[in-house]
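The chains referred to below are lettered A, B, ... by the order of the sequence lines, with proteins before strands, and numbering in each begins at 1.
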Amino acid sequence: MSIQIYNSFTRKKEEFTPLEEGKVRMYVCGITAYDRCHIGHARSAVVFDAVVRHLRSRGFEVSFVRNFTDIDDKIINRANQEGISCSELSEREIGHFYDDMDALGILRADIEPKATEHIPDIINLIEKLVEKGVAYEAGGDVYFSVENFAGYGALSGRNIEEMLAGARIAPGENKRSPGDFALWKAAKPGEPKWESPWGEGRPGWHIECSAMSMKYLGETIDIHGGGLDLIFPHHENERAQSEAATGNRFVKYWMHNGFVTIKGDKMSKSLNNFITIQDILKEYHPEALRLFLLSKHYRSPLDYSPEAISENMAALDRCYNAVSEAERLSGMNVRKKRPVTDAAAEAIQELEALPEKFNQAMDDDFNTAKAIGILFEAVRALNRLNDQAGKKPSALYVEPLKAGAEAVKKAASVLGILRQDPAAYLKERNLAALAEAGLDQEALEKLIEKRNQARREKNWAEADRIRDELLSKNIVLQDGPEGTTWSAGRG
RNA sequence: GGCGGCGUAGCCAAGUGGCUAAGGCGACGGUCUGCAAAACCGUUAUUCCCCGGUUCGAGUCCGGGCGCCGCCUCCA
């Protein structure tokens, strides 16, 4: 069974056949480093992270490039507002980007190039375009002439006439035609600038991705990704520049993720309805955010709400509990070798089928929603196995428990969840809840002992009072055969 | 106006022609427990926005409505 990818260019699912067998060249447009990242950025990052993880788990050698735009109008404006230099601003925001991405468990790209470090490559590419007659210099600017590139608009599904009808030339621009876009912008006073054959200036936005993609991955690459909003004009322009320069196809598969909406509207700076990754992570575990971002197919819109993240937190807890319990049970020293129950045998079979089913879902255009469903079914099977192994211990459960826990963790790792040691995850969560309740472990143990004393005396009212008091502080008590344990609630 | 997408249970969400419409959250019942919690088991959409059509057969294809959203300017 091959991998299918929805190609935005052809608007249908296609069988994925990389240019070179077993290898994948992939480029994803990174951030413009001028502000904190919001959930929309997180979605794009998490989606393409899952793509890379899955391709690698399927045995592909992936060369993954993600750029930083570190010179741009937005950066210049923001730096001026703050009274700092553009490089100070972009360095700071790249630092914030890494803080957020590391927390989310986003793998680093193999190469993470910055526009300002590739000015000579950009200038070379522009020169090539000027030589070929598809770009022209005007007043220190250089523009790409869209009318000289046949097929402009093919990616975004629009034709030149329509676009020209609506487009206008802004004051101060020296374009010949309203559809043309800047490859190089002449320096204005006080702006960062570089020497070029057309005088001092700086690169336009689109050209950097073409230059860096071609430099590190070659003239044609397998996958180029980004948010849906990049299709036009960014990717349309990238494609035009690159193919005009080389005469070859630029990208084999274009992939675009859908937006994060909030109350149904697109999250954006102008509507002022965005929420930053940093803010979410103050409230929620990063893996709960990841699970939420992967809970819907990557091309569909995804509506954000705090409740939605909470729901995923509950599901994540269940997964960690199951794996933790399986690991605990498999570590117990049991000598008896009584055969496993029928229910356990069924659960074992289900767990054995997990990798195949999971891969099938992911192979189908990275259907993470389906894959998560399959993972959760496996978690339920693992719990069933835990149940049986706990009730009637047998040495014959040890291997299936270990294998089951491993299979669940392996599948989860493609989604980038269950990355923590389960016991450590639960402990961390519990200690955080304890701190929030204003208790320390000793005080809690005392309360538990006090309650157990009451229980021995069958003073149920007092026992329940203590339990309810702790519950109101989000500490849940569980009475088991081996005594009373406690854990953080899901509040 | 042009182009594109979406409408599946209380909520979120998979499913694009055919066995019982995945899965999660929530709710309810059972096992366990002093009672609970966790876990497990069971129940929770005779039906997929509406109306027509194609077909032996449609949530899935076609036509027409209604509703929502996005792109067309910087945007993941």
### Query
Between B/G34 and B/C28, how far is it from one C1' atom to the other, in whole Å?
23 Å
### Query
So which one's nearest nucleotide on RNA chain B is more toward 5', A/His234 or A/Ala315?
A/Ala315
### B/G67 pairs with, by Watson-Crick or G-U criteria that keep both distances under 3.5 Å
B/C6
#### Entry: A/His234, A/Glu236, A/Arg239 screened by side-chain hydrogen bond (donor to acceptor under 3.5 Å, both in side chains) with A/His206, the one that passes
A/His234
### Task
Report which part of the nucleic acid A/Gly40 touches: base, sugar-phosphate, or nothing (heavy-atom distance under 4.0 Å, all strands).
base
### Message
Counting the atoms with a prime plus P, OP1 and OP2 as sugar-phosphate, which does A/Leu477 contact under 4.0 Å by heavy atoms, base, sugar-phosphate, or nothing?
### Response
base
### Complement of B/U16, any strand, by Watson-Crick or G-U distances under 3.5 angstrom
none
### Query
Roughly how many Å is it from NE2 in A/His235 to P in B/C74, rounded to a whole number?
14 Å
### Task
Name the pairing partner of B/U54, where a pair is Watson-Crick or G-U wobble with both distances under 3.5 Å, or state none.
none
#### Entry: Reading 5' to 3' through nucleotides 13-23 of chain B, protein heavy-atom contacts under 4.0 Å coded B for base, S for sugar-phosphate only, - for none
SSS------BS
### Query
Hey, is the side chain of A/Asp479 pairing donor to acceptor with the base of B/C35 inside 3.5 Å?
yes
### Message
Do A/Arg108 and A/Tyr98 have side chains that approach each other closer than 4.5 Å (heavy atoms only, starting at C-beta)?
### Response
yes
### Task
Looking at every strand, decide which applies to A/Arg451 at a 4.0 Å heavy-atom threshold: base, sugar-phosphate, or nothing.
base
### Query
Does A/Arg467 make a side-chain N or O approach to OP1 or OP2 of B/A37 shorter than 4.0 Å?
no
### Message
Looking only at the side chains, is there a donor atom on one of A/Arg455 and A/Asn452 sitting less than 3.5 Å from an acceptor on the other?
### Response
yes
### Query
When we call it a touch if two heavy atoms are under 4.0 Å apart, what does A/Gly258 touch: a base, just sugar-phosphate, or nothing?
base
Just list the side-chain donor-acceptor pairs under 3.5 Å for residues 366-381 of chain A, sequence neighbours left out, or say none.
residue: A/Asn367; atom: OD1; partner: A/Lys370; partner atom: N; Å: 3.1
residue: A/Thr368; atom: OG1; partner: A/Leu294; partner atom: O; Å: 2.7

### Summary
In Watson-Crick or G-U wobble terms, with both distances under 3.5 Å, the base opposite B/G1 is B/C72
### Task
With P as the reference atom in both, quote the distance from B/C68 to B/A36 in angstrom, rounded to an integer.
47 Å
### Task
Would you classify A/Asn257 as touching base, sugar-phosphate or nothing, given that sugar-phosphate means primed atoms plus P, OP1 and OP2, and contacts are heavy atoms under 4.0 Å?
base
### Message
In the structure I gave you, are the side-chain heavy atoms of A/Ser487 and A/Gln478 within less than 4.5 Å of one another anywhere?
### Response
yes
### Query
Distance between the C1' atoms of B/A76 and B/C66, in whole angstroms?
32 Å
### Query
Looking for any heavy atom pair under 4.0 Å, which part of the strands does A/Val260 touch: base, sugar-phosphate only, or nothing?
base
### Task
For the side chain of A/Val476, starting at C-beta, report the closest nucleotide among B/C41, B/A37, B/C71.
B/A37
### Query
Within this structure, what is the CZ-to-C1' distance between A/Arg384 and B/C40, rounded to whole angstrom?
9 Å
### Query
Is there a donor and acceptor pair, one atom on the side chain of A/Asp229 and one on the base of B/G70, closer than 3.5 Å?
no
### Task
Please determine, for the side chain of A/Arg455, which listed nucleotide (B/G34, B/G70, B/C74) has the closest atom?
B/G34
### Query
Is the closest basic N to carboxylate O distance between A/Asp279 and A/Arg36 below 4.0 Å?
no
### Task
May I ask you to check whether A/Glu428 and A/His285 show a side-chain donor-acceptor distance below 3.5 Å?
no
### Residue matched to B/A21 through Watson-Crick or wobble contacts both under 3.5 angstrom
none
### Query
Can you tell me the Watson-Crick or wobble partner of B/U43, both distances under 3.5 angstrom?
B/A27
### Message
Strictly by Watson-Crick or wobble contacts shorter than 3.5 Å, is anything paired with B/U33, and which nucleotide is it?
### Response
none
### Query
When the ring centroid of A/Tyr284 is compared with that of A/Phe292, is the distance short of 6.0 Å?
no
### Task
May I ask you to say what A/Arg43 touches in the nucleic acid, namely base, sugar-phosphate or nothing, with a heavy-atom cut-off under 4.0 Å?
nothing
### Query
When you compare B/G29 with B/U60, how far apart are their C1' atoms, in angstrom units rounded to a whole number?
35 Å
### Query
Taking CZ from A/Phe68 and C1' from B/A76, how many angstroms apart are they, rounded to a whole number?
14 Å
### Query
How about A/Gln441 and A/Glu445: does a side-chain donor come under 3.5 Å of a side-chain acceptor?
no
### Summary
Taken to the nearest whole Å, CZ/A/Arg290 to P/B/A76 is 19 Å
